[in-house]
Engineer: 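Quick one: structure below, then a few questions.
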Amino acid sequence: MSSTETTNDGASTKVEGLQEFTLRLRRYDPESGKPAYYEEFTIELEPHRSVLDGILQAKNDEDGSIGIRCSCRAAICGSCGTRINDKPGLACHTHLDEALKRSKDGKITVEPLGNMPVIKDLIVDMDAVHWKKQARVTPWLLPSEPLPEREHIVPREAMVDVTQSMACIQCGACVSDCLSMEIDPLFVGPAALAKTYRFVGDPRDARHQQRLNDLAQDPHGLYACTHCFNCIEACPKGVAPMSQIMRLRRIASQDHHIVDRNNGERHEMAIVNSVKKYGTLNEANMIPDSYGGKLHPASARAMLASLPVITKALLRRKVTPKSALFHPKSPDQAQIKRIYREVGEREQRLEHNLYITQPDEDPAEIAAHEAHVAAAAAREAAAKPGVDQTGAGA
Amino acid sequence: MKVAYWPGCVSRGFTPELHGAMAKVAPALGIELIELNRANCSGCGVIAEHSQELADSLNARTFALAQKEIEQGADLMMNICSTCQGAQSECQERLDASAAYRAEVNKHLTPEGLEYAKGIVNKNFLWVLVEELGLEELGKLVKRPLTDLRVGPFYGCYIVRPTDRIGIDDEHPRDSYLELVIETLGGTVVDYAGAQKCCGFPISLMQPDTSFKMAGRHLGDAKDAEADCLVTPCPLCHLNLDMQQPVVSKAVGRDLQMPVLHLPQMVGLALGMSPKELGLSKHVVKPTSVIDWSTSVVGAVGALSAA
Amino acid sequence: MPAHDVLIIGAGLAGQRAALAAADAGASVAILSKVHPVRSHSVAAAGGINAAMNPADDWRSHAFDTVKGSDYLGDQDAIEVMCSEAPNEILHLEHIGVTFHRNETGHLDLRAFGGASMKRTAYVADITGQAILHVLYEQLMKYSDRVDRYEEWFNTSLIRGDDGRCVGCVARNIRTGEMQTFTAKTTILATGGVGQAFKPTTNGLICTGDGMSLAYRAGARLMDMEMIQYHPTTMTANGFLITEGARGEGAHLRNADGERFMVHSAPNKMELASRDVVSRAEQKEINEGRGTGPLKDSVLLDVTVVPKNRVLEALREIVNLGRDFAGIDITKEPIPVRPGQHYTMGGVKTDSDGESDIPGLYAAGEVACVSVHGGNRLGANSLLDTLIFGRRSGEHAAKVAASMPMPTVSDASLRDDEREIKSIIDRPRTGRRVSEIKEELGVSMNRYCAVFRDEEGMTKGHEIVKRLQEEAKTAYIDDQGTVFNQDVLGALELGFMLDCSEAIVKSALERKESRGAHSRTDYTERNDEDWLFHLTVEKDGADAGADAKLGQSPVTITQWQPMERTY
């Protein structure tokens with residue numbers, strides 16, 4: 001950590017450990033009438049500095065017309081969402097050396113976020129996509145009236161839990177690489193659904209059912225997420241949007257018994273019931289069960305639509321009529337059924353939330369930590385008897 | 001090497017050729033498969049979506065069964081399905097994080113004398129190839145290199161994300177293993193946009209149009225990049241990419257004709273096995289561009305000229 | 001031409017709170033911000049917000065702590081307003097959805113903070129500012145029909161009518177380059193501080209003193225500008241803020257010898273003395289050679305003494321900051337820190353309804369000086385300041401607006417500003433780069449107006465600022481375009497920062513004593529006899545190049561006479 005640009009009294013010091021990096025920025029000037037192009041800038045910084053620092057060096061020293069939104073440089077304002085070597089994230093939160101490691105040709109490529117129109121260089125139109133989708137989910141608390149005189153009394157864990165969604169800084173990294181949105185631009189998307197959990201997970205909100213029903217029935221809503229994990233991977237703040245989406249589905253189907261017109265709930269139950277019955281998936285039943293049973297007209301339509309597939313599968317002996325009709329049961333089916341029963345009989349769902357409860361610590365590590373704290377306390381006590389060790393009292 | 005082997009549901013259902021190919025290839029690689037016949041579906045993420053405890057209990061049960069085999073001398077647990085890998089890793093993450101939670105889940109297994117102990121090693125066949133067998137060893141076993149065969153890797157989401165849970169780091173670049181294996185087997189890796197994108201299968205029953213357009217885009221991208229075929233470690237991806245390909249073609253308005261191999265099939269071909277015994281004839285899109293069916297030569301033209 | 005009852009410039013906590021309050025009071029409202037509201041720097045406030053919520057607490061105790069923290073330069077009437085209204089403001093925030101941390105009984109949890117005589121800081125992990133800002137923006141979306149949002153509009157000047165009232169502003173749509181006059185019966189500045197005049201600073205790149213400068217140019221007085229807060233715990237590696245919440249949760253500060261050096265300057269409160277005291281103690285350790293690190297320019301913040309689970313729950317953000325930006329696991333090893341520029345106590349002089357010297361012009365939040373912070377702001381009082389005085393400004397402005405007609409405004413200012421911008425774009429590349437001047441300003445301010453100051457240094461600083469003001473007149477930029485021309489806005493921001501810097505240095509040179517954050521090595525003691533008043537700065541005359549003129553304003557004392565300040 002020898003390298004700082006200025007010492008505290010402002011004196012410039014010779015910075016050691018500088019390294020040259022080549023940034024390849026995607027440039028686009030809407031006034032030029034020309035298509036986007038790539039331009040390279042060579043910058044010199046310590047490897048642990050951020051890609052944003054690199055871009056700002058280029059902007060300050062070489063070309064002030066480079067367009068990028070940025071402010072805090074510390075991954076909290078959410079301005080500098082970009083794609084760096086094909087991965088979405090914050091430019092201020094990506095070290096130059098890490099970015100270089102992911103590069104295929106020794107250069108750090110920075111491009112604007114995906115799934116949104118580009119305004120200029122690295123600046124995208126968040127209003128046209130991201131904020132519109134936020135507005136779609138009624139993004140404010142709808143508490144029951146009248147309000148309590150003092151604060152709402154709510155479980156400690158519930159507030160910690162929704163703080164995970166609250167930690168979203170609206171940077172758009174998840175929206176950029178959402179694979180459902182790439183194909184279906186109307187999909188409400190990971191950020192807006194994470195925002196929804198911020199209310200559905202909040203015991204103070206009185207409209208959980210309406211919120212969930214609204215999104216469950218929307219063909220571009222709750223059940224249009226394809227479960228690709230891209231948003232979890234993209235999020236610089238650990239919001240894990242897809243995990244929140246899965247919890248919304250769970251609450252919709254299990255707590256509010258919402259049966260949607262997108263077959264989301266039926267599909268969930270089809271898989272759950274198949275494993276309950278057979279121990280494994282019976283693919284042959286997936287279509288009819290997900291469309292409301294073999295006799296349901298929607299199911300017949302779906303079967304008809306997939307007829308060419310089924311015929312071909314039969315033709316290629318991929319599937320035999322026997323295997324399609326008689327799915328084998330697990331020899332331990334009784335055990336599996338019992339597990340289902342035991343879990344189902346719980347009054348409250350048992351969940352282990354890794355955001356609320358930290359992983360167990362290694363016992364050796366705990367002992368070492370305790371020893372460290374005790375030693376520090378002992379040192380203090382010896383140094384000055386009578387001082388409040390926490391420093392908090394007075 | 002002896003592995004407690006979880007084949008998953010789909011490899012014994014709609015993609016029987018995968019299960020068959022694995023059974024053929026394993027002995028040739030020196031892998032002894034102890035099949036976990038009594039284990040259950042991983043829940044493919046959907047059971048976890050329905051009930052976390054249920055998914056964790058079902059997978060703890062599978063892990064416990066595997067651990068019995070490991071006690072008996074198996075080296076680790078192996079699966080052949082990206083989705084199983086992802087769904088099981090998710091449950092394992094929670095189970096391993098907390099002794100208290102693990103104990104609660106284990107209560108469901110006690111009546112049968114089963115118990116999951118923290119820290120099972122569960123690897124997809126792809127990881128086993130690179131990390132356990134080793135690429136060098138694999139290379140030595142190649143009898144018929146996939147010369148001039150242009151292969152597009154298709155991972156499936158569950159085996160590459162989230163990187164922390166999946167264990168991708170500098171030491172284990174698991175998101176590049178397919179490329180390494182293709183090269184080791186003598187093939188040419190095709191660089192195209194879809195390698196780590198979603199096949200669309202999870203929403204094929206909810207949003208069929210979106211789902212098929214996803215699959216169609218990747219197949220089309222691979223075609224544009226002049227791939228002869230794709231290879232995937234995920235049978236669910238295979239369903240959308242191969243079995244549904246006629247419908248997918250219609251959805252994107254393009255004749256795709258892109259064969260998709262299961263990973264063990266590709267390994268088997270390079271090991272000299274016949275397309276037929278690897279179940280290639282069961283594919284909806286016949287891998288005619290991969291295989292010269294008259295001579296069973298892989299990567300027909302190039303292989304001939306190389307020979 | 002947009003015309004509103006209340007026009008708010010800046011959309012951080014103060015601006016958004018003002019907009020909601022004005023809308024609730026029935027006014028038509030416009031809120032204009034050079035960045036999207038959630039990018040505002042309030043987002044970076046980490047530790048929490050003070051209020052005497054605990055039944056065992058009393059707002060008077062909070063007020064006294066604030067007065068003492070201000071080193072008796074805070075105006076006690078305003079402090080009484082802020083502290084007595086604090087609990088209701090917290091409850092309001094809770095009711096609209098802020099996810100405040102709860103204790104085991106489900107009530108609001110409170111944490112310890114610097115300079116406070118008891119635990120009275122409500123918090124959301126260590127993202128309190130973010131959580132409140134985003135919840136206010138949720139409300140702003142809810143109020144879409146009543147509040148017009150102008151996001152990414154840059155304010156270039158305030159307009160005064162013939163009667164002297166502020167009647168609106170000129171602003172540039174950053175996305176299109178279009179200039180527009182905004183007519184308003186009342187205008188509220190909520191543009192934040194001027195941290196970017198210092199380098200390093202914990203402040204974002206957008207904190208360039210826009211509102212202070214614009215009000216000053218329009219003829220308003222600035223006050224307490226010499227009072228610049230250096231936060232005791234900024235990461236040596238990059239200047240980022242580590243929340244005071246860390247010390248609130250029990251973290252220690254140590255020097256190179258491993259000593260908890262706070263024992264010398266604050267034997268009772270130790271690490272939780274007020275910020276000026278802790279920063280001075282740290283700087284003393286560093287100056288006297290007991291600093292750590294290769295340059296001996298740091299002290300160590302030891303979070304390892306806080307239980308790990310508590311750290312991971314309540315201090316998540318700084319765990320991430322340590323890991324991602326310094327490669328340090330703060331739960332396992334101490335992290336090097338030092339004092340860093342953090343907050344501007346001074347600003348546009350207002351009364352406790354937020355109104356400035358100019359009728360119809362209000363200011364709230366860091367841009368304003370009510371003065372509730374005086375010589376030194378207590379941690380977790382800034383969020384409170386923004387919300388209380390944001391709300392009061394919004395309410396008062398709406399009330400005033402209700403009883404007056406919409407003013408008529410000429411487009412003279414618009415044409416002036418358009419010409420100014422064009423002239424910057426057209427400048428020949430013969431002067432210095434704007435970025436270069438900004439760099440020199442930041443380094444100089446941080447050298448001469450830092451934790452410890454003296455006549456000689458500040459005189460040098462003043463000369464540099466004057467020179468840079470001249471150089472800025474010919475400084476050139478690269479971007480010739482209209483769409484998102486951030487370059488030309490940078491040139492305008494440089495002008496704002498230079499105005500503020502001049503006010504800071506001039507006031508600091510003037511105050512010949514040590515009080516609060518203004519600590520002089522040549523006048524080491526507080527001197528109530530000669531200096532217990534505010535220093536004000538205003539423009540000496542109407543023309544653009546006019547000098548800064550100093551003045552005085554009395555300190556309001558209600559119930560707490562100045563006494564010696566010990567922690």
Side-chain angles (χ1 to χ4, degrees), chain A residues 1-2 4 6-12 29-31 48 60 63-65 67 70-72 74-79 93 119-120 123 126 135 139-141 143 147 150-156 159-160 162-163 166-167 169-170 202 204 358 361 369 372-373 376 380 384 387-388 390-392 394, chain C residues 35 38-39 43-44 91 94-97 99 101-102 104 106-108 112 117 124-125 127 130-131 138-139 141-142 175 199 204-206 236-237 240 250 260 263 268-272 293-295 297 304-305 308-309 312-313 324 336 338 435 443 446-447 450 477-479 481 483-484 486-487:
Chain A
M1 239 15 79
S2 66
T4 48
T6 50
T7 61
N8 203 41
D9 65 356
S12 293
D29 176 3
E31 296 168 86
H48 72 267
N60 286 338
D63 184 353
S65 75
C70 54
S71 176
C72 75
I76 189 75
C77 78
S79 303
H93 195 248
I119 296 175
K120 174 186 174 180
I123 299 168
M126 300 268 300
W140 48 83
L141 191 77
L147 290 165
R150 294 276 303 180
E151 70 265 39
H152 294 87
I153 310 295
V154 288
R156 197 186 74 89
M159 283 296 105
V160 176
V162 290
T163 298
M166 202 70 235
I169 55 174
Q170 314 290 345
D202 192 328
R204 299 172 299 177
Q358 302 302 329
E361 277 187 81
H369 187 258
H372 170 83
V373 175
E380 299 312 325
K384 190 172 191 314
V387 171
D388 176 1
T390 64
Chain C
V35 290
V38 304
R39 318 290 177 218
V43 79
L91 290 178
E94 198 284 324
H95 288 161
I96 60 173
T99 56
H101 202 91
R102 299 306 210 271
E104 294 303 334
H107 294 80
L108 294 184
S117 46
V124 181
I127 57 165
Q130 185 203 331
E138 290 170 7
Q139 295 294 309
M141 289 192 271
K142 181 179 171 186
R175 189 164 162 179
K199 187 177 178 180
L205 297 163
I206 58 174
T236 303
F240 293 170
R260 275 180 79 188
V263 73
N268 294 312
K269 300 293 292 180
M270 296 294 284
E271 284 82 358
L272 288 177
L295 301 172
D297 61 349
T304 65
V305 295
K308 187 171 172 184
N309 278 340
L312 294 176
E313 172 177 287
D324 298 341
R338 62 183 181 185
S435 52
V443 169
N446 197 48
R447 174 181 295 171
I477 59 168
D478 301 322
D479 199 337
V483 175
F484 256 96
Q486 300 171 312
D487 221 8

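Being a predicted model, the structure only gives us computed values, none of them experimental. Quick note on labels: first sequence line is chain A, next is B, and so on, each numbered from 1.
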Engineer: If every non-hydrogen atom of A:Leu141 is compared with every non-hydrogen atom of C:Glu138, which pair is closest and at what distance?
Structural biologist: N-OE1, 4.3 Å
Engineer: Measure from the side-chain N and O atoms of A:Arg156 to the backbone N and O of C:Arg102, and report whether any donor-acceptor pair falls under 3.5 Å.
Structural biologist: no
Engineer: So, using side-chain hydrogen bond (donor to acceptor under 3.5 Å, both in side chains) as the criterion, who are the partners of C:Arg175 when residues are at least two apart?
Structural biologist: A:Asp125
Engineer: Give the minimum heavy-atom separation between C:Met141 and A:Pro139, together with the two atoms involved.
Structural biologist: CE-CG, 3.6 Å
Engineer: What residues, two or more places apart in sequence or in another chain, satisfy side-chain hydrogen bond (donor to acceptor under 3.5 Å, both in side chains) together with C:Gln139?
Structural biologist: none
Engineer: Any donor-acceptor pair under 3.5 Å linking the side chain of A:His152 with the backbone of C:His107?
Structural biologist: no
Engineer: Going through the checks in order, is the side-chain contact (heavy atoms from CB on, under 4.5 Å) test met by C:Ile127 and A:Thr163?
Structural biologist: CA-CA 9 Å; C:Ile127 57 165; A:Thr163 298; 4.0 Å; yes
Engineer: Shortest non-hydrogen contact from A:Met159 to C:Thr99?
Structural biologist: SD-CA, 3.6 Å
Engineer: Where does C:Phe484 contact chain A at under 4.5 Å (heavy atoms): side chain, backbone, both or neither?
Structural biologist: both
Engineer: Can you name the closest pair of heavy atoms from A:Glu151 and C:Leu91 and give their distance?
Structural biologist: N-CD2, 3.4 Å
Engineer: Walk me through it: do C:Asp479 and A:Lys120 pass the test side-chain contact (heavy atoms from CB on, under 4.5 Å)?
Structural biologist: CA-CA 12 Å; C:Asp479 199 337; A:Lys120 174 186 174 180; 2.6 Å; yes
Engineer: Can you tell me if C:Gln130 uses its side chain to pair, donor with acceptor, with the backbone of A:Met166 under 3.5 Å?
Structural biologist: yes
